[in-house]
Colleague: 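Mind looking over this structure? Questions follow.
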Amino acid sequence: MSALIKPPALRSGDTIAIVPTARVIVLDELRDGIALAESWGLKVKLGAGIGRKTFQQAGSGEERAADLQAAMNDPEVRAIWCARGGYGTVHLMEHLDLSPLKKNPKWVIGFSDITVLHNALQNLGLSSIHGQMPHNIGVKTDESKSTLRKALFGEAYSVVSGEW
């Protein structure tokens, strides 16, 4: 397999979109993540699904897919930070056109339910970041936040496992 395409490193002034692809989330739950991104010099664009609720999801599958697609298609957005995990991202996949990311690679960040999206991106030859999301990031370690910033900004870092 050839090397994965790595999106360009972020720079101060770039825009990161926070998009809910799964469970419902409200603005108050994202304040720490927004503040963190802004402290890194990033502009934050919020997806339309924030605050939207359809059962346990941030909208229907089609609405959530449209929200994610809008971020992928937006030339100003340099990275997409999935708001939270949960369940439901798998239902978006049939509605998404990931080809804009091949033409204009951008970081996609998340874990848990977002893994299906990471898998699809890897199958296209694109790198992504299996990492912390803005939901509850305020209680995460400084090392976790710092490593995410370094990965996004193309800075050298190392991961040292703790004692188990």
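Owing to the predicted nature of the structure, the values given are computational and were not obtained by experimental measurement. Index from 1, following the sequence.
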Colleague: Are the side chain of Asp113 and the backbone N or O of Ala22 linked by a donor-acceptor pair below 3.5 Å?
Modeller: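 Not at all, since once roles are kept as given, no pair shorter than 3.5 Å links the two residues.
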
Colleague: Among all residues two or more places apart in sequence or in another chain, which pass the salt bridge (Lys or Arg N to Asp or Glu O under 4.0 Å) test with Arg84?
Modeller: Glu29

Colleague: Of the non-hydrogen atoms in Pro105 and Pro8, which two are nearest, and what is the gap between them?
Modeller: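 Here Pro105 and Pro8 meet closest at O-CD, 3.5 Å.
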
Colleague: Run the salt-bridge test on Glu155 and Arg149 with the 4.0 Å N-O cut-off and return the result as yes or no.
Modeller: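 A salt bridge links Glu155 with Arg149.
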
Colleague: Mind running side chain to side chain contact (heavy atoms under 4.5 Å, CB included) on Ile16 and Ile80 for me, showing each step along the way?
Modeller: CA-CA 6 Å; Ile16 188 170; Ile80 300 167; over 6 Å; no

Colleague: Could you state whether Met133 and Val24 fall into the same hydrophobic cluster, counting links through intermediate Ile, Leu, Val, Met, Phe, Trp or Tyr residues with side-chain heavy atoms under 4.5 angstrom apart?
Modeller: no

Colleague: Check the pair Trp107 / Ser127 against side chain to side chain contact (heavy atoms under 4.5 Å, CB included), numbers first and verdict last.
Modeller: CA-CA 7 Å; Trp107 288 114; Ser127 294; 3.9 Å; yes

Colleague: For Lys53 versus Phe55, what's the shortest heavy-atom pair and its separation?
Modeller: CE-O, 2.9 Å

Colleague: Heavy atoms, side chains only, cut-off 4.5 Å: are Cys82 and Phe111 in contact?
Modeller: no

Colleague: Which distance, rounded to the nearest 0.5 Å, do you find between the CG of Asp32 and the NZ of Lys140?
Modeller: 11.5 Å

Colleague: Using the rule given for side chain to side chain contact (heavy atoms under 4.5 Å, CB included), can you reason through Val26 versus Ile50, listing the C-alpha separation, both sets of side-chain angles and the distance that settles it, and then say yes or no?
Modeller: CA-CA 6 Å; Val26 296; Ile50 294 170; 5.7 Å; no

Colleague: For Pro100 and Asp97, which heavy atoms make the closest approach, and how far apart are they?
Modeller: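 Shortest heavy-atom contact: CD-O, 3.0 Å.
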
Colleague: Please check: side-chain N/O of Arg64 versus main-chain N/O of Arg23, any donor-acceptor pairing under 3.5 Å?
Modeller: no

Colleague: Mind checking the NE2-CD1 spacing from His118 to Ile109? Nearest 0.5 Å is all I need.
Modeller: 8.5 Å

Colleague: Closest approach of Asn104 and Pro75, non-hydrogen atoms and distance?
Modeller: ND2-CA, 4.2 Å

Colleague: Working to the nearest 0.5 angstrom, can you tell me the gap between Thr21 OG1 and Asp67 CG?
Modeller: 9.5 Å

Colleague: Look up atom NZ in Lys45 and atom OG1 in Thr15, then write down how far apart they are to the nearest 0.5 Å.
Modeller: 6.5 Å

Colleague: Counting distance only, does the side-chain N/O of Thr115 pair as donor-acceptor with the main-chain N or O of Ser112 below 3.5 Å?
Modeller: yes

Colleague: Could you walk me through whether Glu63 and Arg52 pass the side chain to side chain contact (heavy atoms under 4.5 Å, CB included) test, one step at a time?
Modeller: CA-CA 10 Å; Glu63 288 171 324; Arg52 186 172 53 207; 3.7 Å; yes

Colleague: Below 4.5 Å, heavy atoms only, C-beta onward: do Leu98 and Leu126 meet side chain to side chain?
Modeller: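 In short, these two side chains do not touch, never coming nearer than 4.5 Å.
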
Colleague: What distance separates Ile18 CD1 from Leu46 CG, expressed to the nearest 0.5 Å?
Modeller: 5.5 Å

Colleague: Would Ile5 end up clustered with Leu96 when hydrophobic side chains under 4.5 Å apart are linked, directly or stepwise?
Modeller: yes

Colleague: Going by the side-chain contact (heavy atoms from CB on, under 4.5 Å) test, name the single residue among Lys106, Met72, Lys43 that passes it with Val77.
Modeller: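 With Val77 as partner, Lys106, Met72, Lys43 yield a single side-chain contact (heavy atoms from CB on, under 4.5 Å), made by Lys106.
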
Colleague: For Leu92 versus Gly61, what's the shortest heavy-atom pair and its separation?
Modeller: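 Shortest heavy-atom separation between Leu92 and Gly61 comes out as CD2-O, 3.2 Å.
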
Colleague: Check each of Leu148, Val108, Ile129, Ile34 against Trp81 using the side-chain contact (heavy atoms from CB on, under 4.5 Å) test, and report the only one that passes.
Modeller: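 The single option meeting the side-chain contact (heavy atoms from CB on, under 4.5 Å) with Trp81 is Leu148.
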
Colleague: So does Leu36 get a backbone contact from the side chain of Ser39, meaning a donor-acceptor N/O pair under 3.5 Å?
Modeller: yes

Colleague: Anything under 30° is parallel, anything over 60° is perpendicular, the rest tilted; go ahead and classify Trp40 against Phe153.
Modeller: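 Ring orientation of Trp40 relative to Phe153: perpendicular.
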
Colleague: Atom CE of Met93 and atom CG of Leu117: how far apart are they, to the nearest 0.5 Å?
Modeller: 5.0 Å

Colleague: Going hydrophobic residue to hydrophobic residue with side-chain gaps under 4.5 angstrom, can you get from Leu27 over to Ile25?
Modeller: yes

Colleague: Distance alone, cut at 3.5 Å: any donor-acceptor contact between the side chains of Thr54 and Ser60?
Modeller: no

